[in-house]
Amino acid sequence: MEENKIKEADIQFIDSYVKDSYFRIHNRPEKNKSEIQVELEIRMSEIKKINEDSLGASIILIQNISLINKENKEHTVELGVQMLGQFTGKNLNEEQFIERLKYNGAPLLSQLIRSYVITMTSVGGIEPIRVPMINFTEVFKNEPNK
């Protein structure tokens with residue numbers, strides 16, 4: 001019996017790095033002392049073609065997180081991460097490539113940021129912050145067509 005060949009996706013993740021990040025503890029949250037709410041801000045940079053020969057793009061996903069004490073409304077922790085990811089596409093037109101970046105590329109970068117935040121807060125001396133999963137269909141739903 002012949003082994004099944006794995007079909008390669010039409011979008012590939014080439015590289016990524018943390019372009020910028022910050023982590024500020026204003027008032028170290030105590031375990032189970034006060035309720036904390038998480039606020040997220042997500043932005044994605046413009047998608048640009050790398051060159052004319054092939055489809056490629058670099059996108060930046062930014063997540064800013066604030067932990068706010070519900071009792072006194074004070075910020076206890078603020079952190080943010082800018083993750084740059086490079087992608088290539090084949091057998092796609094530009095519109096299809098942009099769709100793949102939105103619904104495959106951005107979620108991949110989001111998961112990398114999620115891991116980074118868990119690590120950063122764990123070694124930072126506070127309870128690890130687990131950023132919620134993000135519904136990118138909703139994020140891009142009301143975006144104006146370009």
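The structure displayed is predicted, hence computed values, not measured ones.
Smallest separation of non-hydrogen atoms from Arg130 and Pro128: NH1-CB, 3.4 Å. Closest of all the heavy-atom pairs between Ser110 and Leu61 is N-CD2, 3.5 Å. Pairing each heavy atom of Ser16 with each of Leu112, the nearest pair is OG-CD1, 3.8 Å. The two residues Thr121 and Ile118 come nearest to each other via the heavy atoms OG1-O, 3.3 Å. Closest of all the heavy-atom pairs between Ile11 and Leu101 is CD1-CD2, 3.6 Å.
Counting only heavy atoms from C-beta outward, the side chains of Ile134 and Gln63 approach each other to under 4.5 Å. Side-chain contact between Ile126 and Arg28: present, with at least one pair of heavy atoms (C-beta onward) separated by less than 4.5 Å. Counting heavy atoms from C-beta on, the side chains of Val81 and Met120 come closer than 4.5 Å. Looking at heavy atoms from C-beta onward, Ile113 lies out of side-chain contact with Val131 at the 4.5 angstrom threshold. The shortest side-chain heavy-atom distance between Lys141 and Thr137 does not fall under the 4.5 Å cut-off. For the pair His26/Thr76, no side-chain contact is recorded, criterion being any heavy-atom separation below 4.5 Å from C-beta on.
In this structure, Val18 is a member of the same hydrophobic cluster as Val117, with clusters built from ILVMFWY side-chain heavy atoms closer than 4.5 Å. Put simply, Val77 and Val123 are part of two different groups of oily side chains (I, L, V, M, F, W, Y) that touch within less than 4.5 Å, one to the next.
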Lys90 vs Leu55, side chain to side chain contact (heavy atoms under 4.5 Å, CB included): CA-CA, chis, key distance, verdict: CA-CA 7 Å; Lys90 62 182 179 181; Leu55 287 176; over 6 Å; no

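From Arg100, atom CZ reaches atom CD of Glu95 across 11.0 Å, with rounding to the nearest 0.5 Å. To the nearest 0.5 angstrom, Leu67 atom CG is 7.0 Å from Leu79 atom CG.
Taking the six-membered ring where the residue is Trp, Phe87 and Phe13 present tilted rings, their angle falling between 30° and 60°.
Only one option out of Phe97, Phe136, Phe140 pairs with Tyr103 in a ring pair (Phe, Tyr, Trp, His ring centres under 6.0 Å); it is Phe140.
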